[in-house]
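What follows is a set of notes on a single structure, which appears directly below.
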Amino acid sequence: MRRVMLFATVAAISLSSCVSKKKYTELEAKNKEIQDLLNTATVKLNTCLTEKEALAQQVDFLKKNNSDLINNVGNLTTLTTKGAENLEKSLESLKEKDLKITRLQDALTKKDSVTLALVTSLKREVGIDDPDININVEKGVVMISIADNLLFKSGSYEVSDKAKGVLAKVAKVINSKPDFECLVEGHTDNVPIKNAVLLDNWDLSVKRATSIVRVLHKDLGVSPKQLIPAGRSSYIPLVENDSPANRAKNRRTRIIIMPKIDQFYDMLEKEMKNLSGK
């Protein structure tokens, strides 16, 4: 049985003031619903696989039992009525479990296929040789991490011309997926910042996220309905902020491209009902 990779549609996202509390609460609630649904699906899938294995062992036992009966009487037509009925029921149960498992696997595989195609498209458009750009899949969504030095000057939230070239390639992929959402997260190091414009690292991370969102929308034609800006400040570092090199790694913008939760929630809910026989 092939291994199924379950996705969790959205990692726990702590949105800043740029996202309304209502929108953030709705996203959190939906994310919890689909995570619970995926966990339930995993349990049911594992249960089905266990039952299938037990039924397969029962079939083997019944086949051996019938074979022994045939050998004992020397007549190929000797097969007890009860044994035949049990064998038939076991085979039908196996077929039913296989069908339910296949339906659930197809639903999950569909999501994985969409994600893989998106990653391939992004890597082809953006390129994978730039050390300042990292594209991968985490928790079922596509994440693009872009180093701070490629996007902004130190302490600034004005997007550089060089960055706009990279963002144009990202926008091309986002525009080809109108049913997807794009979360832009600003991340900083832990060095305090305060000036006439910026209050702290929260403020800097938020303004950088909104700057990227504005470029994607106003300059590159991405629908504003797909865009969500968020500031994470210095609270989710990749590495410890204990050296200039490590602090540079932590200063980044992360663009998360994900299917709208409702689409896959509805799909999985339908398959869960099928799996439960409802």
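The two residues Pro237 and Asn241 make their nearest non-hydrogen contact at CB-ND2, 4.0 Å. Nearest heavy-atom pair across Lys207 and Tyr157 is CD-CE2, 3.6 Å. In plain terms, the two heavy atoms of Asn175 and Gly221 that are nearest each other are OD1-O, 3.5 Å. In terms of heavy-atom proximity, Ile255 sits nearest to Cys182 at CG2-SG, 3.3 Å. The minimum heavy-atom distance linking Leu183 with Ala230 is given by the pair CD1-CB, 4.0 Å. Of all heavy-atom pairs spanning Leu238 and Asn250, the tightest one is N-OD1, 2.6 Å.
Between Leu220 and Val215 the shortest side-chain heavy-atom distance falls below 4.5 Å. Looking at Leu227 and His217, their side chains come closer than 4.5 Å, going by heavy atoms from C-beta outward. Residues Phe152 and Thr253 meet the side-chain proximity criterion, which asks for heavy atoms closer than 4.5 Å. For the pair Lys194/Asp200, no side-chain contact is recorded, criterion being any heavy-atom separation below 4.5 Å from C-beta on.
Between the side chain of Asn246 and the backbone N or O of Glu240 there is at least one donor-acceptor pair closer than 3.5 Å. In this structure a side-chain-to-backbone donor-acceptor pair under 3.5 Å is missing from Thr188 to Trp202.
In this structure, NZ in Lys169 is found 11.0 Å from CG in Leu167, a value given to the nearest 0.5 Å. Between His187 atom NE2 and Ile236 atom CD1 the span is 5.5 Å, to the nearest 0.5 Å. Summarising the geometry, atom CG belonging to Leu151 is positioned 6.5 Å from atom OG belonging to Ser160; distances are rounded to the nearest 0.5 Å. How far OG of Ser205 is from CZ of Arg252: 11.0 Å, rounded to the nearest 0.5 Å.
Linking Ile, Leu, Val, Met, Phe, Trp and Tyr residues whenever their side-chain heavy atoms come within less than 4.5 Å leaves Val191 and Ile193 in two separate clusters.
Checked against Arg214 for a side chain to side chain contact (heavy atoms under 4.5 Å, CB included), the options Leu216, Thr210, Ile212 give a single hit: Thr210.
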Exercise. Can you check side chain to side chain contact (heavy atoms under 4.5 Å, CB included) on Asp148 and Arg208, steps first, answer last?
Worked result: CA-CA 10 Å; Asp148 169 80; Arg208 283 182 169 179; 2.4 Å; yes
